[in-house]
Amino acid sequence: MAPHADQDDTADPKNTVHKADAEQAVEPKADAEQTVDPKVAAAIAAAEAAGPASGESVRVDSWIWAVRLIKTRSLGASACKGGHVRVNGQNVKPSHSLRVGDEVRLRHEGRERIVIVKRLIRKRVGAPVAVQCYVDNSPPPPPREAVAPIGIRDRGTGRPTKRDRRELERLRGIMGGGTGRPGGH
């Protein structure tokens, strides 16, 4: 049925609900993108202000230090020199210039970190801000062993007896693949 000329189609409760739903469907997307803690937003603004000016570049050793992938800049430089840092699949020197969108692979402390550069910064920033500067594509870290290591004694138990020492050697021999005896007998 068509509405009469004197009736307004916005007065229909069905139309009003649909319009309200349509407005709500658009608004949460904008809110979801802007849900950043005010302190983090201020820190991001400070990091951008401390970032390179347009046309300037950032060294790879400085950037991996600034985004907290490595503890010191000198460790970053030595990682680059040692071949532990690759940018877009190539080993790089510490002075290599990074660009937004580069893939950085870093082998550090027995783990490989794979990150994609989102923002270039020069100065070291806090962890919440640093996470905003890259996309982390690293594999999850290996699980830590829940079993206590063999051969470690409790503090204060004193020196092992001859019997304890022989049991430890036997266990270490099983774990190490040897016989546990000095002569291999």
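In what follows, residues are counted from 1 in the order of the sequence shown. Everything numeric here is computed off the predicted structure, so don't read it as measured data.
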Heavy-atom distance under 4.5 Å between the side chains of Tyr134 and Asp102, does that happen here? no
Check Arg105, Arg113, Arg111, Arg68 against Asp136 for a salt bridge (charged side-chain N to carboxylate O under 4.0 Å, His left out) and give me the one that passes. Arg113
Judged by atom type as modelled, is there a donor-acceptor pair below 3.5 Å linking the side chain of Arg59 to the main-chain atoms of Ser62? no
Any idea which heavy atoms bring Ile114 and Glu103 closest together, and the distance? CG2-OE2, 3.7 Å
Is it true that, when you exclude Lys118 itself, more than 12 heavy atoms of the residues, nucleotides or ligands shown sit nearer than 6.0 Å to its NZ? yes
What distance separates Cys80 SG from Ile70 CD1, expressed to the nearest 0.5 Å? 7.5 Å
Would you compute the distance between atom OG of Ser57 and atom CZ of Arg122 and round it to the nearest 0.5 angstrom? 6.5 Å
On a heavy-atom basis, the closest approach of Val67 and Cys133 is CG1-CB, 3.7 Å
Looking only at heavy atoms, which two atoms of Ala130 and Ala66 are closest? And how far apart? CB-O, 4.5 Å
Among Val92, Asn91, Leu69, side chain to side chain contact (heavy atoms under 4.5 Å, CB included) partner for Val85: Val92
What is the minimum heavy-atom distance between Pro94 and Asp61, and which atoms define it? O-OD1, 3.0 Å
Hits for side chain to side chain contact (heavy atoms under 4.5 Å, CB included) against Thr72, two or more places apart or cross-chain, chain-then-number order -> Ser74, Leu75
Measuring from Arg166:CZ to Leu168:CG, what's the distance to the nearest 0.5 Å? 12.5 Å
Looking at side-chain heavy atoms only, is the closest gap between Val60 and Val87 below 4.5 Å? yes
Rounded to the nearest 0.5 Å, what separation is found between the CD atom of Gln132 and the CZ atom of Arg119? 6.5 Å
Measuring from Glu109:CD to Lys71:NZ, what's the distance to the nearest 0.5 Å? 6.0 Å
Hydrophobic cluster membership, with links at side-chain heavy-atom distances under 4.5 Å among I/L/V/M/F/W/Y: are Val100 and Val104 in one? yes
Hphob cluster co-occupancy, Trp65 + Leu120, side-chain heavy atoms under 4.5 angstrom: no
Could you tell me the separation between the CG atom of Leu106 and the OG atom of Ser138, rounded to the nearest 0.5 Å? 8.5 Å
Taking the side chain as everything from C-beta on, heavy atoms only, tell me whether Val58 gets closer than 4.5 Å to Ile121. no
Should the heavy atoms of other residues, nucleotides or ligands under 6.0 Å from CZ of Arg165 be counted, would the total exceed 12? yes
